[in-house]
Amino acid sequence: MQQQIALPIKPATSYIRLGEDSRPYLEGYKCDECGAVFLGFREACGRCATRGRMNVARLGERGRLYCYTIVYRSYPGIKVPFISAIADLEGGGTVKANLLNVKPDSMSIQFGMPIKVVFQGADIASADGAGYVAHFFVPAEESSDE
């Protein structure tokens, strides 16, 4: 009997990091001058334009839905329909991700609804995403650790 070897997780984006416990998280940068937080690498602050004062920050896992769109047509291999959403995270930072566990119709989605950032295999969004981990949103009340 052949033993299966678990392959290491590969982040789907440059701002997904793996912690010492191998759990993924979102990395951003925070401005020492004005406190603005941004997803991903920044050399200068987009709010106050200060340069050289951006420091690495681990982004929050909870937030509120800011806006969304329901996508019915996309590139080949992308599963549709899906909800493309933007959320403001607690502690700062605005992030885009697909909203999961919600029916893709406007009656099921509420602006300002609480969300949680979760990490799953990218293959749930794209046919060629196998082997990668990506970030998504789920309604906060449906997350598995509450």
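Values reported hereafter were calculated over all heavy atoms of this structure, with side chains retained and with hydrogens, waters and symmetry mates removed. What you are looking at is a predicted structure, and each value in this text was computed from that prediction instead of being measured.
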### Chi angles and distances behind the side chain to side chain contact (heavy atoms under 4.5 Å, CB included) call for Cys45, Phe38
CA-CA 8 Å; Cys45 179; Phe38 302 93; 3.8 Å; yes
### Message
For a quick test of reading the model, state the closest non-hydrogen atom pair linking Ser84 to Asn98 and the distance between them.
### Response
CA-OD1, 4.1 Å
#### Entry: Side chain proximity check, Leu99 to Val138, heavy atoms < 4.5 angstrom
no
### Message
Quick one, Lys30 and Val37 - any side-chain contact, counting heavy atoms below 4.5 Å?
### Response
yes
### Message
Around atom OH of Tyr25, are there more than 12 heavy atoms from other residues, nucleotides or ligands closer than 6.0 Å?
### Response
yes
### Query
Which value, rounded to the nearest 0.5 Å, describes the distance between Phe82 atom CZ and Phe136 atom CZ?
10.5 Å
Taking only distance into account, with no hydrogens and no angle test, what donor-acceptor pairs under 3.5 Å do side-chain atoms of residues 102-115 form with protein atoms, sequence neighbours excluded?
{"from": "Asp105", "atom 1": "OD1", "to": "Met107", "atom 2": "N", "distance (Å)": "2.9"}
{"from": "Asp105", "atom 1": "OD1", "to": "Ser108", "atom 2": "N", "distance (Å)": "3.0"}
{"from": "Asp105", "atom 1": "OD1", "to": "Ser108", "atom 2": "OG", "distance (Å)": "3.1"}
{"from": "Asp105", "atom 1": "OD2", "to": "Ser108", "atom 2": "OG", "distance (Å)": "3.4"}

### Message
Run the salt bridge (charged side-chain N to carboxylate O under 4.0 Å, His left out) test against Arg58 and tell me which residues pass, sequence neighbours left out.
### Response
none
### Task
Return each pair, listed once, that meets salt bridge (charged side-chain N to carboxylate O under 4.0 Å, His left out) where at least one residue sits in residues 65-75; pairs must be two or more places apart or across chains.
none
#### Entry: Qualifying residues under side chain to side chain donor-acceptor pair (under 3.5 Å), relative to Thr94, sequence neighbours excluded
Asp88
### Query
Would you say the side chain of Val80 lies within less than 4.5 Å of the side chain of Tyr72, judging by non-hydrogen atoms?
no
### Query
Between Phe137 and Val95, what is the shortest heavy-atom contact and its length?
CZ-O, 3.4 Å
### Summary
Residues Leu59 and Gly92: closest non-hydrogen pair is CD2-O, 4.1 Å
### Task
Determine which pairs satisfy side chain to side chain donor-acceptor pair (under 3.5 Å) with at least one residue from residues 14-24, sequence neighbours left out, and list them in order.
Arg17-Glu27
### Task
Can you measure from CD1 (Ile16) to CG (Leu26) and round to the nearest 0.5 angstrom?
6.0 Å
### Residue pairs, two or more places apart or on separate chains, that pass side chain to side chain donor-acceptor pair (under 3.5 Å) and touch residues 37-53
Glu33-Arg53
### Query
Is there a donor-acceptor pair closer than 3.5 Å between any side-chain N or O of His135 and the backbone N or O of Lys96?
yes
### Query
How long is the span from the OH atom in Tyr68 to the CD1 atom in Ile86, to the nearest 0.5 Å?
13.0 Å
### Summary
The reported gap from CZ in Arg64 to CD in Glu90 (rounded to nearest 0.5 angstrom) is 7.5 Å
